[in-house]
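Below is one structure, written out as structure tokens; comments come after it.
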Amino acid sequence: MGDGSVDARHRARAAFADVWCALPKVVFSRILHSVQGNARLAVASVAEEVAAALDVTDRDVSIGGAGLAAAAISLGLVDELRMFRYPVVVGGGTPFLPPVTEDVRLDLVETRTFGSRVIFERLRPRPR
């Protein structure tokens, strides 16, 4: 007997994979010499690569990975945070946000809790 919810999840994952694979990506790496698919290795600084990405699209540009996101936040390049959190304390690891020297006030724009207990938050820095 088949489980329709498993089939639906598989179709949803496949649809997401199709969209994700089609998006152009810039990979920042200290160890890779090549990448595959619709990706290229970064050749410039984070600021220059973000500016180049913004120049060729009118859509949002996303940054993934705590270290890269921290660099972009430190450079003032982030106008919105989209965080997915799982409610668990792990006791270590790479911080999601960089250390700051002054408070960064954020407005909560959107929040959702998924059945898996994952919490999505979309935040924007308040104008100074």
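In this text the structure is predicted, and so the values were computed from the model without any measurement.
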What are the two closest non-hydrogen atoms of Ala22 and Asn38, and how far apart are they? O-ND2, 2.7 Å
Hydrophobic cluster of Val90, others only, ordered by chain and residue number, side-chain cut-off 4.5 Å: Phe84, Tyr86, Val88, Phe114, Val118, Phe120
I'd like to know if Val26 and Val35 are part of one continuous hydrophobic network [Ile/Leu/Val/Met/Phe/Trp/Tyr, side-chain heavy atoms within less than 4.5 Å]. no
Starting from Phe28, can I reach Leu75 by hopping between I/L/V/M/F/W/Y residues whose side chains sit under 4.5 Å apart? yes
Determine, using the 4.5 Å side-chain heavy-atom cutoff (strictly less than), whether Leu106 and Met83 are members of one ILVMFWY cluster. yes
Report the distance from atom CZ of Arg112 to atom CD1 of Ile119, rounding to the nearest 0.5 Å. 13.0 Å
Nearest 0.5 Å please: distance from the CZ atom of Arg122 over to the OG1 atom of Thr111. 11.0 Å
Partner residues of Leu23 under the side chain to side chain contact (heavy atoms under 4.5 Å, CB included) criterion, sequence neighbours left out: Trp20, Lys25
Pair Arg126 + Asp107, salt bridge at N-O below 4.0 Å: yes
Which pair of heavy atoms, one from Ala71 and one from Val46, lies closest together, and at what distance? CB-CG2, 4.4 Å
Quick one: salt bridge (charged side-chain N to carboxylate O under 4.0 Å, His left out) pairs with a partner in residues 84-104, sequence neighbours left out? Arg85-Glu121, Glu102-Arg128, Asp103-Arg105
Hey, can you pull the donor-acceptor pairs under 3.5 Å for the side chains in residues 51-70, sequence neighbours left out?
from, atom 1, to, atom 2, distance (Å)
Thr57, OG1, Arg59, N, 3.0
Asp60, OD2, Arg82, NH2, 2.8

Ala44 to Glu49 - nearest heavy-atom pair and separation: N-OE2, 3.1 Å
Linking Ile, Leu, Val, Met, Phe, Trp and Tyr through side-chain heavy atoms less than 4.5 Å apart, which residues share a cluster with Val43? none
Should Val27 and Arg40 count as side-chain neighbours, where that means a heavy-atom distance under 4.5 Å? no
Ignoring hydrogens, what is the shortest heavy-atom contact between Arg117 and Pro87? Give both atom names and the distance. O-CD, 3.1 Å
Go through the structure and list residues passing side chain to side chain contact (heavy atoms under 4.5 Å, CB included) with Leu97, not counting sequence neighbours. Ile73, Leu81
